[in-house]
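Positions are given from 1, in the same order as the sequence printed here. Only a predicted model underlies this, so the values are computations on that prediction, with no experimental measurement involved.
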Amino acid sequence: MPKAIPKIGSRKNVRIKNTRRIPKGVIHVQASFHNTIVTVTDVRGRVFSWSSAGTCGFKGTRRGTPFAAQTATANAIRTAVEQGMQRAEVMIKGPGLGRDAALRAIRRSGILLTFVRDVTPMPHNGCRPPKKRRV
């Protein structure tokens, strides 16, 4: 018995494309000394785009460079702009070299920035340091 041929407009054939329009979002940049991770979320915190220097093809010590951070930021923001993002808040975390390069790439992308905030965690005299070394 032959199989039934599904209609072209049937539910099985149609792939639902994610057409969520995001006019405003939050761009999180985490810049460590060895890598830079850029995450684009909506205002509620749901991630819809992310990129890192490692996923852009940089390996080893080149992941911590400003150029790698710029490339990762451009990749993450490209999909955000395609989904209609016009305004964004920027949260930058970490001491890495990619902080300034990522911010420059965000400015160059054409997205209007409402504010830029540094959210690097700072200890309020947290953990006790290790004992002094005796040589």
Side-chain angles (χ1 to χ4, degrees):
M1 192 166 164
K3 284 187 180 177
I5 299 170
K7 294 181 205 166
I8 292 175
S10 73
R11 195 95 169 132
K12 287 183 182 177
N13 274 6
V14 178
R15 198 180 89 205
I16 299 169
K17 188 179 173 188
N18 187 8
T19 56
R20 192 170 57 174
R21 303 296 290 169
I22 297 123
K24 187 176 183 202
V26 184
I27 301 170
H28 299 271
V29 178
Q30 192 209 341
S32 67
F33 289 116
H34 299 291
N35 202 355
T36 303
I37 302 168
V38 182
T39 309
V40 184
T41 66
D42 60 2
V43 181
R44 290 178 60 186
R46 294 179 296 193
V47 176
F48 64 88
S49 173
W50 69 275
S51 182
S52 71
T55 58
C56 293
F58 295 94
K59 297 292 176 201
T61 56
R62 288 191 286 276
R63 284 192 308 186
T65 60
F67 178 68
Q70 179 181 336
T71 309
T73 306
N75 279 356
I77 287 180
R78 189 178 303 123
T79 57
V81 171
E82 286 171 5
Q83 290 190 356
M85 182 182 279
Q86 292 135 6
R87 290 182 293 140
E89 306 166 358
V90 180
M91 310 282 195
I92 299 179
K93 181 191 285 189
L97 295 172
R99 292 168 58 103
D100 300 330
L103 188 58
R104 255 184 253 122
I106 293 168
R107 286 241 165 92
R108 203 175 303 128
S109 70
I111 293 176
L112 296 171
L113 302 182
T114 52
F115 65 83
V116 179
R117 182 177 291 165
D118 185 14
V119 291
T120 305
M122 292 295 221
H124 298 287
N125 264 359
C127 299
R128 181 176 176 153
K131 65 183 180 185
K132 194 165 167 83
R133 198 166 156 245
R134 290 190 291 251
V135 180

d(Ile37 CD1, Trp50 CH2) to nearest 0.5 Å is 8.0 Å
Between Ala72 and Ser52, the two heavy atoms sitting closest are CB-C, 3.6 Å
Residue pairs passing the ring-ring contact (aromatic ring centres under 6.0 Å, His included) test with at least one member in residues 54-94, sequence neighbours excluded, are Phe58-Phe67
(request) Could you check Val29 against Ile27 for side chain to side chain contact (heavy atoms under 4.5 Å, CB included), going step by step and ending with a plain yes or no? (result) CA-CA 6 Å; Val29 178; Ile27 301 170; 4.3 Å; yes
side-chain hydrogen bond (donor to acceptor under 3.5 Å, both in side chains) filter on Ser32, not counting sequence neighbours, yields none
Side chains of residues 85-113: which donor-acceptor partners sit under 3.5 Å, not counting sequence neighbours?
residue, atom, partner, partner atom, Å
Glu89, OE2, Lys24, NZ, 3.4
Arg99, NH1, Gly94, O, 2.5
Ser109, OG, Ile106, O, 2.6

To the nearest 0.5 Å, atom CZ of Arg78 lies from atom OG of Ser49 at 9.5 Å
Show every donor-acceptor pair shorter than 3.5 Å between a side-chain atom in residues 38-45 and any protein atom, with sequence neighbours excluded, or say none if there are none.
residue, atom, partner, partner atom, Å
Thr41, OG1, Val26, O, 3.4
Asp42, OD1, Arg44, N, 3.4
Asp42, OD1, Gly45, N, 3.1
Asp42, OD1, Arg46, N, 2.7
Asp42, OD2, Arg46, NE, 3.0
Asp42, OD2, Arg46, NH2, 3.0

Residues 94-121 vs ring-ring contact (aromatic ring centres under 6.0 Å, His included), sequence neighbours excluded, gives none
Going by chain and number, the hydrophobic cluster around Phe33 (ILVMFWY, side chain to side chain under 4.5 Å) further includes none
The reported gap from CG in Asn75 to CD in Gln70 (rounded to nearest 0.5 angstrom) is 11.0 Å
For Asn35 and Gly54 the tightest heavy-atom approach is OD1-N, 3.7 Å
